[in-house]
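As the structure lists them, so they are numbered: ligands from 1, and atoms in each ligand from 1. Every value quoted in this text rests on a predicted model; they were computed, and no experiment measured them. All residue numbers refer to positions in the sequence shown, counting from 1.
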Amino acid sequence: MEEKYDFGLVGLGVMGRNFILNVADKGYSAFGHDLDAEKVQALQDEGGHHAKVNATTSIKTFVKALKQPRKIMLLVPAGKIVDAVIESLLPHIDRGDIIIDGGNSFFTDTDRREEYLQERAVNFFGAGVSGGAKGARFGPSIMPGGSKSAYAHIKPIFEAVAAKYNGEPCVAYLGPRSSGNYVKMVHNGIEYGLMQLTSEIYDILKKAGSYSNEELKSTFSKWNEGRLQSFLVEITSEIFDKKDDLTDGSLVDQILDKAKQKGTGKWTSQNAMDLGIPVPSIDVAVSMRELSALKAERTEADKLYDRPTIDEIDKEYIEKIAEEALYFSFIVTYAQGLHQLAEASKEYNYKLDIATIAKIWRAGCIIRAGILADITEAFQANETLPNLLISPTFVEKISGTVDSARKLVVLGAQNGIPLPGLSNSLIYFDAYTSTRLPLNLIQAQRDYFGSHTYERVDKEGIFHTEWG
Ligand code: 6PG
């Protein structure tokens, strides 16, 4: 009898090809499918040395080649293509088979697909995969959600291919239905926040500290050796080192300052609004990508106003406060994303364990960072911790750095350098840690013009006043 394959993968773009080669490297046989014959050929060429890798353009041959229950992962662009692939698989697969969507699908699409497939007794997983092409090849962080019993079939393969942190795989069963896609969505929201923050630090070091790209490279590289150690700080340092092929300068200076986005950050913000959870560091990261896209308008508006003359700041001083401000605002951004996850868990009944999520983000994914080890410990110590900002270890870390965030934000404001991520992180912190906010006035205004009523500080009940 012909030997069947352990794992199937649909979509042999770079991510899919790399993921399948990773699976094969770990000793599992893997079969790929793509309608594009060139992609099938590319996998066969690259995986030729592996007796365990094969691929076909025929969906029927693909499905027939897999061991039951079949484990079929889709690494195709989010949206209608996922539905189309599911439809193409359905006539060939059997009850009990497992389909895993490894893309950045919107979580409600995953819920819809899961219900649809449940009627056909097919298990469906939404599994966020983070780490880019390199991660897929050598160890991503994987965030699966779906049926717990079906997870047992994919667990060994996922644990083998996932990145390892101190030997522990960066994958875990996260919860039912769309929980995996939801967690990946918030991962990306945090990713947007951290990227915005690093870009602001770059801006102020360059404009107010007159840092050259060489100095930026060595500063970020030094920071990556300390408490800011993270994938994003590491690649930032490497970016400043990259020479341009077409000019004499650095590549980063030739890149147009218009950031694109595929939607996951925006979804995080939108859903946080629906949940009533503030994530301003993430919101503003989305807004800044939108603002960056208005390049022509920005260029015209720039001509209409004088900008403050930037005072040259002592390098040693600005470097110190920038490091502390970045560390502070990284913490605040993780705090917001994790707060959103805790609320989503209640709202959608995901039963998420935040410590587990922090744990599987410690390696492999784009937001991996040394600080995630501390975050994991904070949530292990108190699994119902409502917000990272009130964890005793983080109170200490924040208390030691918040002053620098204040100084840097003031410096930015005085010099006309926009630092929205840093400012919003500081504002969030100041507001979250304020017993009293001026929103009593808003309640009074609402009651004044619309009889919307208010509560009192000194007794229970709902009140209304005739103000005029
Ligand atoms: C990851 C990344 C990945 C993708 C981003 C890019 O975790 O590996 O998040 O999923 O690179 O979604 O998103 P934008 O194109 O929206 O910046």
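Nearest protein neighbour of atom 16 (O) of ligand 1, counting heavy atoms only, is Y192 OH, 2.5 Å. Residue, atom and distance of the protein heavy atom nearest to atom 7 (O) of ligand 1 are S130 OG, 2.5 Å.
Less than 4.0 angstrom separates some heavy atom of G132 from each of these atoms of ligand 1: 8 (O). Taking a cut-off of under 4.0 Å to the non-hydrogen atoms of H187, the atoms of ligand 1 that pass are 7 (O). The contact set between ligand 1 and I366, taken as ligand atoms under 4.0 Å from a residue heavy atom, comprises 1 (C), 2 (C), 7 (O), 8 (O). Taking every non-hydrogen atom of N188 and a distance limit under 4.0 Å, the qualifying atoms of ligand 1 come out as 5 (C), 7 (O), 9 (O), 10 (O), 12 (O).
With 3.5 Å as the limit, one finds a donor-acceptor pair spanning the side chains of K351 and N349. A donor-acceptor contact under 3.5 angstrom links the side chains of T393 and S391, judged on distance only.
Salt bridge status for R112 with D83: present, with a side-chain N to carboxylate O gap under 4.0 Å. Look at R227 and E323 and you find a salt bridge, because one of the NZ, NE, NH1 or NH2 atoms lies within 4.0 Å of a carboxylate O, short of that distance.
Atom 17 (O) of ligand 1 has its nearest heavy-atom neighbour, among R289, K262, Q261, E191, in R289.
The closest approach between a heavy atom of M195 and any atom of ligand 1 is not below 4.0 Å. At least one heavy atom of G131 lies less than 4.0 angstrom from ligand 1.
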